[in-house]
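Step one of this worksheet: look at the structure below.
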Amino acid sequence: MTAETRFETLDTHTGGEPTRLITDGLDRSEFEGGSVREQRDAFAETHDRVRELLMKEPRGHDDMFGAVRVPPEAEEADVGLFFMDGGGYLDMCGHGTIGVVTALVQRGELEPKSQIRVETPAGVVTAKPTVEDGRVERVAVRNVRSFVVDETTVTVDADGGELTVDVDVVYAGNFFAMVDGEAVEPPVDADHAGELVDLGLGIRAAVDDAVDAVNPLTGESGEVSITEFYRSDRDADRTLVVFGEGSVDRSPCGTGTCAKMTLLHREGELAVGERYAHESVVGSRFTGRLLDAETRDGLTVTTPEVSGRAYVTGEHSFVSRPDDSLG
Ligand code: PYC
């Protein structure tokens with residue numbers, strides 16, 4: 001008989017966006033040790049097949065998102081977390097941090113401290129859970145320092161022609177291509193998600209070619225990994241976020257909310273401490289605020305905080321057999 005491999009997961013959704021925390025079945029000796037960024041890179045080298053197995057069909061789907069808990073290296077951190085999707089890995093994730101902290105605190109696997117420090121590949125973020133009767137009602141995540149990196153104009157293929165569009169490049173744990181919904185043809189809503197995915201992937205690739213995605217605070221270089229289309233509305237800004245191999249974030253995107261607040265601050269439209277509401281294509285909301293901001297050498301740097309609610313959706317036991325050619 002051929003031996004099967006078994007993987008256990010603990011799944012949540014945050015504003016509709018899934019996070020599949022892989023809790024068992026990994027050979028941790030192959031990637032644990034060092035910073036969370038190093039552990040994520042070692043996982044990518046040794047366990048990428050597991051990412052594909054649990055993110056993609058038939059065990060996952062085009063919009064699945066995942067995380068792995070690892071020991072942190074940073075002295076001040078309580079826990080380490082890295083993130084993945086159907087296409088690869090992201091440095092930071094707001095909805096994922098909210099989901100994992102909610103699940104682990106509710107299950108007693110993480111001490112319900114007022115401030116839980118989470119080391120991510122992007123750096124240490126702070127998660128502040130609000131707990132009532134053992135249930136985590138909300139988690140506020142203080143993100144890494146964020147800033148507007150650059151602005152550029154790119155020309156991409158768009159539905160039967162070409163589109164030239166102005167893009168702001170913002171770092172908020174991930175590098176974002178920020179696109180004003182007024183500048184594109186399809187309206188920024190769920191009905192046009194398919195068109196916006198194609199456009200978003202094209203814009204992301206063009207912006208990544210056009211700019212140096214370097215974090216001036218750490219010197220680390222990365223890649224433009226997410227396109228965020230935004231539009232203003234009466235009581236909240238709307239957003240549609242495209243990432244991975246064409247995933248659409250069902251949540252308003254935690255790091256994307258931080259990127260938008262940072263951009264608004266640079267444009268003089270959001271003050272430090274002012275409450276911000278961000279709504280996703282499915283109508284779920286995150287709230288946020290900037291905890292501080294300063295301009296140094298022409299660079300506006302902020303510390304954003306984003307807050308949302310998550311629910312545990314299930315615990316899963318997945319199996320995989322080596323003689324299953326489709327995997
Ligand atoms: O919540 O930061 C986020 C996120 C990134 C990609 C999908 N969600």
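Residue numbers start at 1 and run along the sequence shown. Values in this document were obtained by computation on a predicted structure and should not be read as measured data. Indexing begins at 1, ligand by ligand and atom by atom, following the structure's order.
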Can you find an N or O of Asp249 that's nearer than 3.5 Å to an N or O of ligand 1? yes
Location of contacts on Val241 toward ligand 1, heavy atoms closer than 4.0 Å: neither
Write out the residue and atom name of the closest protein heavy atom to atom 5 (C) of ligand 1, then the distance separating them to 0.1 Å. Cys253 SG, 3.7 Å
Is a donor from one side chain sitting under 3.5 angstrom from an acceptor on the other, for Ser247 and Asp85? no
May I ask you to decide whether Asp292 forms a salt bridge with Arg142, counting only side-chain N to carboxylate O separations under 4.0 Å? no
Based purely on interatomic distance, does Gly254 place a nitrogen or oxygen under 3.5 Å from a nitrogen or oxygen of ligand 1? yes
Give me the ring orientation class for His13 and Tyr311: parallel if the planes are under 30° apart, tilted from 30 to 60°, perpendicular past 60°. parallel
When you check the gap from the basic side-chain N to the acidic O, do Glu137 and Arg309 get nearer than 4.0 Å? yes
Give yes or no for whether the N/O distance cutoff of 3.5 Å, strictly under, is met between Gly94 and ligand 1. yes
Looking only at protein heavy atoms, which one is nearest to atom 6 (C) of ligand 1, and what is the separation? Leu90 CD1, 3.5 Å
Does an N or O anywhere in Asn174 fall below 3.5 Å from an N or O of ligand 1? no
Any heavy-atom pair between the side chains of Cys93 and Phe65 that's under 4.5 Å? yes
Contact region, Thr255 to ligand 1, non-hydrogen atoms below 4.0 Å, reads both
Is Asp78 reaching over with its side chain to a backbone N or O of Arg117, donor-acceptor style, under 3.5 angstrom? yes
Need the ligand 1 atom indices (1-based, order shown) with element for anything under 4.0 Å from a heavy-atom of His95. 1 (O), 3 (C), 4 (C), 7 (C), 8 (N)
Test the Arg51-Phe43 pair against the cation-pi criterion, namely NZ or CZ under 6.0 angstrom from the six-membered ring centroid and within 45° of the ring axis. no
